[in-house]
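Counting from 1, the numbers follow the sequence of the chain as shown. Values in this document were obtained by computation on a predicted structure and should not be read as measured data.
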Amino acid sequence: HLMSYLPLQNSICDLGVGAGVLSCGASFLGASFVFGIDIDPKALATARNNFEDSCECDWDLMAADASDGLTLRSGFFDTVIMNPPFGTKNAGIDVQFIEAALKIAPVVYSLHKSSTRKFIHQKVTALQGESELLAELRYDLPKTMKFHKKASVDIAVDFWRFSKE
């Protein structure tokens, strides 16, 4: 459903690729190349398996920390897609992902907690970017991290489009 908002171009960078769900969705919708980046080797292994089974386009994966000054050739990717960490456990990590994404591609589609809506908009503006709230969603976050205390949590999530001015 989320992917229907994306006017996909040729090359997609998925920051914090995780299992590769967004990347595989992008390939189904016509992306010719997806490039997934994640710091977690287990996530990359899962993404690799999912890409091999499901991606209908060229793809590659890279182990890197998207929140730590990631440098990729600007202009190579048409679009960044990402479901970054929400910044609940590591304050500011969501903004670090936004900063990296806006350096990589002219257009970014991203998910963020609705409770941070004003903050996210202000940060993107401070980065000389434009932000457009595309959808307000609900997400049932299952317990996937050691620090998660509940089996699942229902979270209000915003789906954003960021672009460079």
Asks: Look only at the side chain of Thr116 and the backbone of Lys113, and say whether a donor-acceptor pair between them is shorter than 3.5 Å.
Replies: yes
Asks: Evaluate the side-chain proximity of Asp14 to Val34: yes if any heavy-atom separation is below 4.5 Å, no if none is.
Replies: no
Asks: If a pair satisfies ring-ring contact (aromatic ring centres under 6.0 Å, His included) and one of its residues is in residues 115-137, list it, with sequence neighbours excluded.
Replies: none
Asks: Using modelled atom types and a 3.5 Å cut-off, is there a donor and acceptor pairing between side-chain atoms of Ser11 and backbone atoms of Phe76?
Replies: yes
Asks: Flag the pair Ile155 / Arg138 as yes when at least one side-chain heavy-atom distance between them is below 4.5 Å, and no otherwise.
Replies: no
Asks: Which one of Met82, His112, Glu99 satisfies the side chain to side chain contact (heavy atoms under 4.5 Å, CB included) criterion with Asp94?
Replies: His112
Asks: The criterion is salt bridge (Lys or Arg N to Asp or Glu O under 4.0 Å); which residues satisfy it with Glu136, sequence neighbours excluded?
Replies: Arg117
Asks: Which pairs, with at least one residue in residues 18-59 and sequence neighbours excluded, count as a ring-ring contact (aromatic ring centres under 6.0 Å, His included)?
Replies: Phe35-Phe77, Phe51-Trp59
Asks: For the atom pair NZ (Lys103) and CD1 (Ile98), what is the distance rounded to the nearest 0.5 Å?
Replies: 13.0 Å
Asks: Looking only at non-hydrogen atoms, find the nearest pair between Ser23 and Cys55 and report the distance.
Replies: O-SG, 4.3 Å
Asks: Do Ile120 and Phe162 have side chains that get closer than 4.5 Å, going by heavy atoms?
Replies: yes
Asks: Is the side chain of Ser27 donor-acceptor paired with the backbone N or O of Glu56 at a distance under 3.5 Å, no angle test?
Replies: yes
Asks: Please report the shortest heavy-atom distance between Ala31 and Cys57, naming the atom on each side.
Replies: O-CB, 3.1 Å
Asks: Could you check whether any side-chain heavy atom of Asn83 comes within less than 4.5 Å of a side-chain heavy atom of Val157, counting everything from C-beta outward?
Replies: no
Asks: Can you name the side chain to side chain donor-acceptor pair (under 3.5 Å) partners of Ser114, sequence neighbours left out?
Replies: Asp158
Asks: Going by heavy atoms in the side chains, are Tyr109 and Leu134 under 4.5 Å from each other?
Replies: yes
Asks: Side-chain polar contacts of residues 37-45 - donor-acceptor pairs under 3.5 angstrom, sequence neighbours left out - could you list them?
Replies:
| from | atom 1 | to | atom 2 | distance (Å) |
| --- | --- | --- | --- | --- |
| Asp38 | OD1 | Asp40 | N | 3.0 |
| Asp38 | OD2 | Val17 | N | 3.3 |
| Asp38 | OD2 | Gly18 | N | 2.8 |
| Asp40 | OD1 | Lys42 | N | 2.9 |

Asks: Just so I know, are the side chains of Asp78 and Val107 near enough to count as touching, which here means a heavy-atom distance under 4.5 Å?
Replies: no
Asks: Do Ser163 and Pro106 come close enough that some side-chain heavy atom pair is under 4.5 Å?
Replies: no
Asks: List for me each residue that meets side chain to side chain donor-acceptor pair (under 3.5 Å) alongside Asp53, sequence neighbours excluded, and say none if there are none.
Replies: none
Asks: One pair to check against side-chain contact (heavy atoms from CB on, under 4.5 Å): Val108 and Thr79. What are the steps and the verdict?
Replies: CA-CA 6 Å; Val108 177; Thr79 305; over 6 Å; no
Asks: Roughly how far, to the nearest 0.5 Å, is the CG atom of Leu137 from the CG atom of Leu111?
Replies: 7.0 Å
